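All chains are named by letter (A, B, ...) in the order of the sequence lines, taking the proteins before the strands, and each is independently numbered beginning at 1. Quantities reported herein were computed from a predicted structural model and do not represent experimental measurements.
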Protein chains: 2
Amino acid sequence: MSTMGTSYYQFCPVAKAMELLDERWTLLVIRELVSGGQHFNDLRRGLPRMSPSLLSKRLQQLQRAGVIARRHSGNNVCYTLTQAGSELRPVVEALGSWGTRWIGELGDADLDPKLLLWDMHRNIDRNAVPEGRTVVHFDFPDAPRKLQRWWLVITKDGADVCDIDPGYEVAVSVTASLRRMVEIWRGDVGWGDAVGRGMLEIDGPEAMRRALPGWFTLSVFAAVPRPS
Amino acid sequence: MSTMGTSYYQFCPVAKAMELLDERWTLLVIRELVSGGQHFNDLRRGLPRMSPSLLSKRLQQLQRAGVIARRHSGNNVCYTLTQAGSELRPVVEALGSWGTRWIGELGDADLDPKLLLWDMHRNIDRNAVPEGRTVVHFDFPDAPRKLQRWWLVITKDGADVCDIDPGYEVAVSVTASLRRMVEIWRGDVGWGDAVGRGMLEIDGPEAMRRALPGWFTLSVFAAVPRPS
DNA sequence: CGGTATCCCCGTCGATACTG
DNA sequence: CAGTATCGACGGGGATACCG
């Protein structure tokens, strides 16, 4: 137990848990693992502002704490939660529910389109999407040049995020401010509301336009009831 | 929002929650408030290794974040949880349950008798204790001189912790190693088990000896089922 | 793909003393 | 009781480059 958070010198289990978990980024790494990330670069995509050396350090700490296991699968490395790690899911969920209810305001800097698309790509309801290849195009006119246009390529094998036009035919096109799209994703605003108020535009064949909201299950926390 | 934790630059509610909560001591302050602490020096007793300036800072941060309210009651100051703050209870509970299950080993430095007595004093089942004044004496032979002997004075108005003999007649005397007593308190070991194995000695009239374990409700996490 | 290696800054935290 | 004031160190962590 060499390099873990400083001790609180308390026997209280909350304190003991926080010695491990209160360090910056740690619980977000857990969140990524809970969300299904397995490989180093998977995790990095969900934690773009975290330096690779720090991620590496955190993974080692968590491994030493018995929260994750590091395995070689083929010539790949694979991180998975142990039983102890899996049981951190309720902690992550409690934090996310609380954050959803009580941390309303997002700064502009919180609105990372890459992160948004990465999150969307892993919350797609495959059964709802048409067979074959379906491409959804997102346009955020207010975002910086390089981050304006995105494509989500959905096939039966999964979904890929592209920041350059993959060239395939686009099934549906979504245009909105980045903030609005994030709010929809978080469940702060409904698809219908946003369209009705002209805050979001969906283009494409009517059947597709109608179906699109069903393709995404939204963030896990979207359904959390908000304070009255 | 000037002095809060550094931003993660993520819209994820877990990240937004952790920007506030991942700083050292913050969740332990919340724990104290959840446990009923109201005044600055109450909180300090539950957080002995936290410097007063840092506690002050945390309280201000939490107030700015809308998690606690600071009120003057008479010429006293009183901190209470807001609605948002109360809803952090599930977070604290999830952390405590996890810590109870998965952080078994306590360092010697975690075994603070003052903290133990302070925790005990606020988890007494008043209905179970005899009428009038009841004094329980604790003796930790392995603890440093000044921290060996403690008295818990229980009346209908509450309980007081003394580190010097208050002089009242002692109803029951408990002798054990500090570690053993903490383990009992955390629910790692039962009263009966400890006595049976000679790890703990209870002295006094038989009726009192039998009744004593019922006077304490133990730590909130004592009942958490342990991993098999 | 899966990480190390460095470097350095700046902010946090701890310790201690002191005040209305 | 309820905090401020001050100060210094230490190390966490951000940035960037690089390696197998």
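Atoms CE (B/Met50) and C1' (D/dG3) sit 13 Å apart, rounded to a whole Å. A/Lys57 places its NZ atom 13 Å from the P atom of C/dT4, with the value rounded to the nearest Å. Taking atom NE2 on A/His39 and atom C1' on C/dG3, their separation rounds to 14 Å, with Å as the unit. Distance, A/Arg24 CZ to C/dC10 P: 16 Å, rounded to whole Å. Atom-to-atom, CG of B/Leu47 to P of D/dA2 comes out at 15 Å; the value is rounded to the nearest Å. In this structure, the CZ atom of B/Arg44 is 13 Å from the P atom of C/dG14, given to the nearest Å. Taking atom CG of residue A/Asn41 and atom C1' of nucleotide C/dG3, one finds them 8 Å apart after rounding to whole Å. As rounded to whole Å, 14 Å separates atom C1' of C/dG3 from atom CG of A/Asp42.
For the pair B/Thr26 (side chain) and B/Asp22 (backbone), a donor-acceptor distance under 3.5 Å is absent. Within the 3.5 Å criterion, the main-chain N or O of A/Lys156 finds a donor-acceptor partner in the side chain of A/Arg126.
Considering only side-chain atoms of B/Arg45, the nucleotide from D/dG3, C/dT4, D/dC1 that sits closest is D/dC1. When distances are taken from the side chain of A/Arg58 to each of C/dC1, D/dG13, D/dG3, the shortest belongs to D/dG13. Comparing atom distances between the A/Trp25 side chain and each of D/dT4, D/dA17, D/dG14 picks out D/dG14 as nearest. Among C/dG14, D/dG3, C/dT4, the nucleotide with an atom closest to any side-chain atom of B/Ser56 is D/dG3.
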Which atom pairs, one a donor and one an acceptor, fall under 3.5 Å between side chains of residues 180-187 of chain B and the rest of the protein, sequence neighbours left out?
| from | atom 1 | to | atom 2 | distance (Å) |
| --- | --- | --- | --- | --- |
| B/Arg180 | NH1 | B/Glu183 | OE1 | 2.9 |
| B/Trp185 | NE1 | B/Asp119 | OD2 | 2.9 |
| B/Arg186 | NE | B/Asp188 | OD2 | 3.2 |
| B/Arg186 | NH1 | A/Phe11 | O | 2.8 |

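Residues from residues 74-82 of chain B lying near DNA chain D, meaning a heavy-atom separation below 4.0 Å, are B/Asn76, B/Val77, B/Tyr79 in numerical order.
At most 12 heavy atoms of other shown residues, nucleotides or ligands fall within 6.0 angstrom of atom CZ in A/Arg89.
Toward the 5' end of DNA chain C, the nearer of the two residues A/Ser53 and A/Thr6, judged by each one's closest nucleotide, is A/Ser53.
A distance of 6.0 Å separates CG in A/Leu178 from CG in A/Asp142, rounded to the nearest 0.5 Å. The distance from atom CG of B/Leu111 to atom OH of A/Tyr9, rounded to the nearest 0.5 Å, is 12.5 Å. Here A/Gln38 contributes atom CD and A/Cys78 contributes atom SG; the two are 4.0 Å apart, rounded to the nearest 0.5 Å.
Salt-bridge formation is detected for the pair A/Asp110/B/Lys16: a Lys NZ or Arg NE/NH1/NH2 atom is positioned less than 4.0 Å from an Asp or Glu carboxylate oxygen.
Between A/Glu32 and the options A/Arg122, A/Arg58, A/Arg44, a salt bridge (Lys or Arg N to Asp or Glu O under 4.0 Å) holds for only A/Arg122.
In the helix from C/dC1-D/dG20 to C/dG20-D/dC1, the terminal helix axes, each the rotation mapping four pairs' C1' atoms onto the next four within five end pairs, subtend 60°, rounded to 10°.
Checking the phosphate oxygens (OP1, OP2) of C/dT12, no side-chain nitrogen or oxygen of B/Gln61 falls inside 4.0 Å.
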